[in-house]
Amino acid sequence: MDKPIPAFYACYLLRSTIRHASLYVGSTPNPVRRLKQHNGEVKGGAVKTSRDSLRPWEMALLVTGFPSKIAALQFEWAWQNTHITRHISSTARISRTKQTSKSRISPKTGRARKRPPRPRLCLTDRLANLHLLLGARSFERWPLRVTFYAEDVWRVWTRWINQHLEHEGGNGLRDGIWVGLDAQTQANPSDQQQEPNTNPPPPTGIPALDITHQSLKPHLAKSLALLSSPSAKICTLCAHPLPPSGASTLVCPTSSCTSTTHLSCLASHFHATQHDTAPILPTDGSCPSCAAPLEWHALVRELSLRMRGEKEMQALFKPVRGKKRKGESEVVAEQEEEESEDEIGAKPLMEAEEEDDVWHLLSESESEGGDVVAAAPQDAVGKAPAFRKPRGVKGRKGKSSGPEVVVEDSDEAEIVA
């Protein structure tokens, strides 16, 4: 992988505000833009949400904290296909399908494919399946966060938890997976009217989400300054030298702490101090030098951005100039949005073959994005080469009528249940 961990990626549950029984599961790096696409305000969106009789749609909840884009797409597919996914055992399934399989002819290969049809699921079933996936061994160690943006959906969740997990106490999930109602949604209901002649209020709910790397900027600035100093760096735990390039080196985010460790050393330290028997990845721990609480995913995100995100770091630390100054977070957000539009084009392969399902099931999602964006090929140093004038094509006064367009293929991966 030559790209850093995405700043933000989420799976969402979409609900029609006109017909609450119509639900849709999807994933996106930009919930605000994606919701506008589903509602027809901007170009894009899914065919299955394009009916005007069901618009506008609302995002009832978001699942965030995925360690990568592929991880979010895996979770999305499992949530859409809880009747066949391997992440839920056959004995624990809530969603079951009929024994009869549905045959279809693949438009690409021409071969007949058989797959059990998706069952129709109500809101309670969707939330119950979400609870099963949050506790699955495949996802239980991810730093997931479930935020509800509709109070009635939150009440359905709590009612189901109280009825089915009453003997266990709590919500039946491990520590580290946060589930709750968005505080701004509770304090600022959607039907609240804004007073006239007042300044626009700050964004609340989903528009208030930070989908950029802005929160990592202090940690990243400290790491760059610390690792660029001429003195040799030693691992705090094993006392061996650290790579001069900073590869596989984790830095404590506390401003007054200078602890630097090997990635493997800190992982072993977290396992030992937390008495964790997990095979590979820890979840959290404490700094070996200052004893500050640390989250593993935040440390790895900073390392990924530092080693693989040169373009993202340049945008993050780029000074804003001019009379009309724009906030730094807005600049980063715009660049993140442009990159995600270029990167995300095609649907996962498993979903592309399901296009002719009955529309009213509304259980199949399309990946974020829309039209394939034309891009110039990159040269060896990462800069776009100068465009060459196509032969035999002239514009006015002998000038080229436009650059030669090269369309790059999408790098979408197949998702396996």
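- Between the OG atom of Ser223 and the CG atom of Leu250 there is a distance of 9.0 Å, given to the nearest 0.5 Å.
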When you look at Glu302 and His219, which way does the side chain to side chain contact (heavy atoms under 4.5 Å, CB included) test go after all the steps? CA-CA 7 Å; Glu302 187 275 333; His219 187 189; 3.5 Å; yes
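- Between the side chain of His131 and the main chain of Trp160, no donor-acceptor pair closer than 3.5 Å is present.
- The aromatic rings of His38 and Tyr12 lie perpendicular to each other, with more than 60° between the two planes, well past the 30° mark.
- Counting heavy-atom neighbours within 6.0 Å of Glu310 CD, excluding the residue itself, gives a total of 12 or less.
- The heavy-atom pair separating Leu134 from Trp157 by the smallest distance is CD1-CH2, 4.3 Å.
- Atom CG in Leu130 sits 6.5 Å away from atom CG in Leu61 (nearest 0.5 Å).
- When atom types are taken as modelled, the side chain of Ser50 and the backbone of Val47 share a donor-acceptor pair closer than 3.5 angstrom.
- Not one N or O on the side chain of Asn81 forms a donor-acceptor pair closer than 3.5 Å with the backbone of Ile84.
- The shortest distance between side-chain heavy atoms of Trp296 and Leu281 falls below 4.5 Å.
- Closest of all the heavy-atom pairs between Arg301 and Pro6 is NE-O, 4.4 Å.
- Crowding of Lys222 atom NZ: a count of heavy atoms from other residues, nucleotides or ligands under 6.0 Å exceeding 12.
- To the nearest 0.5 Å, atoms CG (Leu144) and OG1 (Thr64) are separated by 7.5 Å.
- Taking Phe139 as the reference, Phe75, His87, Trp142 meet the ring-ring contact (aromatic ring centres under 6.0 Å, His included) condition, with sequence neighbours excluded.
- Judged purely by atom type and a 3.5 angstrom limit, Thr236 uses its side chain to pair as donor or acceptor with the backbone of Thr260.
- Atom-to-atom distance recorded for His271:NE2 and Leu266:CG is 10.0 Å, nearest 0.5 angstrom.
- When only modelled atom types and interatomic distance are considered, Thr212 and Asp210 share a side-chain donor-acceptor pair under 3.5 Å.
- Side-chain contact between Phe148 and Val146 is present, with heavy atoms from C-beta onward closer than 4.5 Å.
- For the pair Leu127 and Val153, the minimum side-chain heavy-atom distance is below 4.5 Å.
- Using modelled atom types, one finds a donor on one side chain and an acceptor on the other under 3.5 Å when comparing Arg19 with Ser22.
- Atoms NZ and OG, on Lys69 and Ser27 in that order, are 8.5 Å from each other to the nearest 0.5 Å.
- Between the side chain of Glu312 and the backbone N or O of Leu305 there is no donor-acceptor pair closer than 3.5 Å.
- Contact check for Arg145 versus Ile177: no side-chain heavy atoms found under the 4.5 Å cut-off.
- Contact annotation: the side chain of Phe270 never approaches that of Thr283 to less than 4.5 Å [non-hydrogen atoms, C-beta and beyond].
- Donor-acceptor pairing under 3.5 Å is recorded for the side chains of Gln80 and Glu76.
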Audit row: Leu216, His213, side chain to side chain contact (heavy atoms under 4.5 Å, CB included) steps and yes/no: CA-CA 6 Å; Leu216 288 179; His213 293 287; 4.2 Å; yes
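- In this structure, the side chain of Thr254 does not engage the main chain of Cys257 through any donor-acceptor pair within 3.5 Å.
- Judged as a side-chain contact (heavy atoms from CB on, under 4.5 Å), and not counting sequence neighbours, the contacts of Arg93 are Thr85, Ile88, Ser90, Arg96.
- At distances below 3.5 Å, not a single donor-acceptor pair connects side-chain atoms of Ser53 with backbone N or O atoms of Arg51.
- Residues Trp154 and Val179 form a side-chain contact, since some pair of their non-hydrogen atoms from C-beta on lies under 4.5 Å apart.
- Checked against salt bridge (Lys or Arg N to Asp or Glu O under 4.0 Å), Asp52 has the following partners two or more places apart in sequence or in another chain: Arg55.
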Sequence neighbours left out, cut at 3.5 Å: what donor-acceptor pairs do the side chains of residues 285-295 make with other protein atoms?
residue, atom, partner, partner atom, Å
Glu295, OE1, His297, NE2, 2.9

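- Across every non-hydrogen atom of Leu62 and Pro31, the tightest pair is CD1-CG, 4.1 Å.
- You'll find the side chain of Leu303 reaches within 4.5 Å of the side chain of Met307, heavy atoms only.
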Could you please spell out the steps behind the side chain to side chain contact (heavy atoms under 4.5 Å, CB included) verdict for Thr82 and Ile94? CA-CA 8 Å; Thr82 48; Ile94 296 175; over 6 Å; no
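- Here the side chain of Trp57 pairs a donor or acceptor atom with the backbone of Thr49 at under 3.5 angstrom.
- Considering only heavy atoms from C-beta on, Thr158 stays 4.5 Å or farther from Asn171 through its side chain.
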Go through it in stages, so that I can follow the logic: the residues are Leu242 and His262, the test is side chain to side chain contact (heavy atoms under 4.5 Å, CB included), and I'd like the CA-CA distance, side-chain angles, deciding distance and then a yes or no. CA-CA 7 Å; Leu242 294 167; His262 291 106; 3.5 Å; yes
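- With sequence neighbours left out, Leu224 forms a side-chain contact (heavy atoms from CB on, under 4.5 Å) with Leu220, Arg306, Met313, Phe317.
- Once rounded to the nearest 0.5 Å, the distance linking CG of Leu35 with CG of Leu14 reads 6.5 Å.
- Of all the heavy atoms in Leu299 and Pro253, the pair that sits closest is CD2-CD, 3.9 Å.
- A donor-acceptor pair is defined here as one N or O able to donate and one able to accept, closer than 3.5 Å; such a pair exists between the side chain of Thr17 and the backbone of Pro56.
- In this view, Asp152 and Arg15 satisfy the salt bridge (Lys or Arg N to Asp or Glu O under 4.0 Å) rule, not counting sequence neighbours.
- In terms of heavy-atom proximity, Tyr9 sits nearest to Ala72 at CD2-CB, 3.5 Å.
- Nearest heavy-atom pair across Trp79 and Arg126 is NE1-O, 3.2 Å.
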